[in-house]
Amino acid sequence: MADTEQSRVWETYSPEETFSIGQQLGQEAAAGQVYTLIGDLGVGKTVFTQGFAAGLGIAGPVNSPTFTIMQVYEEGRLPFYHFDVYRIGDVEEMEEIGYEDCFYGDGVCLVEWANLIEEILPRRYVRITIKKDLEKGFDYRKIEKKEVNCP
Ligand code: ADP
Ligand code: MG
């Protein structure tokens, strides 16, 4: 599979492998970065996020903050802002929780279902897409990482 400097692809065949890709990216994450996580329900976004948090040095469990939209974890190498915007009605709800301090702060943000808040994404972010391909098996996932840089 073709990897370029701005784009990388992994294929996994178990939740543990997806966790480990997340962990690797969490270890590489830098202050001020925003990661978006795109993929259908049940594809492995939470598994990936748990690995990502572990990679940042967060020991405790990380669950989807579905009813609070955002959950912050301070015990890792960098502050970790985990957003799940699946149930968001309007981007104004993002303003109410003060997302700008997170997106443009010194921590690392990860936004599940970021396609629902596309208009407020920063010009520069890292897009992670997870997809199934049932022809390759029930547990197969394709994970793509792309550096997005809007002019
Ligand atoms: P999402 O957050 O995208 O809705 P979850 O991470 O909660 O999805 O659930 C993913 C489900 O798929 C889990 O039950 C997990 O065990 C299963 N699974 C099977 N194969 C994989 C894989 N390769 N990567 C991630 N999850 C997998
Ligand atoms: Mg989830």
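Keep in mind the model is a prediction, meaning the values are calculated, not measured. Just follow the structure's listing: the first ligand is 1, and inside any ligand the first atom is 1.
Both cation-pi conditions hold for Lys132 and Phe138: the charged atom is under 6.0 angstrom from the six-membered ring centre and inside a 45 degree cone around its axis.
Across all their heavy atoms, Ile120 and Tyr104 have their closest contact at O-OH, 4.5 Å. Of all non-hydrogen atoms in Leu78 and Ala30, the two that sit nearest each other are CD1-C, 3.9 Å. The nearest pair of heavy atoms linking Glu75 to Gly60 is OE2-N, 4.3 Å. For Val85 against Leu116, the heavy-atom pair with the smallest separation is O-CD1, 3.5 Å.
The ligand atoms of ligand 1 that sit less than 4.0 angstrom from a heavy atom of Leu41 are 4 (O). For ligand 1 and Asp139, the ligand atoms under 4.0 Å from any heavy atom of the residue are 19 (C), 20 (N), 21 (C), 22 (C), 23 (N). The atoms of ligand 1 that sit less than 4.0 Å from any heavy atom of Ser14 are 21 (C), 22 (C), 23 (N), 24 (N).
Taking any N or O of Thr12, backbone or side chain, at least one lies under 3.5 Å from an N or O belonging to ligand 1.
At a heavy-atom distance under 4.0 Å, only backbone atoms of Asp40 (N, CA, C or O) approach ligand 1. Only the side chain of Thr18 comes within 4.0 Å of ligand 1, judged by heavy-atom distances.
With hydrogens left out, the protein atom closest to atom 18 (N) of ligand 1 is Arg141 NH2, 3.3 Å, a heavy atom. Protein heavy atom at the shortest distance from atom 8 (O) of ligand 1 is Gly44 N, 3.2 Å. Nearest protein heavy-atom contact of atom 16 (O) of ligand 1 is Pro15 CG, 3.4 Å. Remark: minimum distance from atom 13 (C) of ligand 1 to any protein heavy atom is reached at Val47 CG2, 4.5 Å. Closest to atom 7 (O) of ligand 1, if we only count protein heavy atoms, is Thr46 CB, 3.7 Å. The single protein non-hydrogen atom nearest to atom 11 (C) of ligand 1 is Gly42 O, 3.7 Å, given as residue, atom name and distance.
A distance below 6.0 Å separates the ring centres of Phe52 and Tyr35. The distance between the ring centers of Tyr125 and Phe103 does not fall below 6.0 angstrom.
Residue Thr46: an N/O/S atom is found under 2.8 Å from the Mg ion (ligand 2).
Phe19 is not connected to Leu25 by any chain of hydrophobic side-chain contacts under 4.5 Å among Ile, Leu, Val, Met, Phe, Trp and Tyr, and they are in different clusters.
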- Task: Applying side-chain hydrogen bond (donor to acceptor under 3.5 Å, both in side chains), run through Glu112 and Tyr86 and close with a yes or a no.
- Result: CA-CA 7 Å; Glu112 298 192 44; Tyr86 182 59; over 6 Å; no
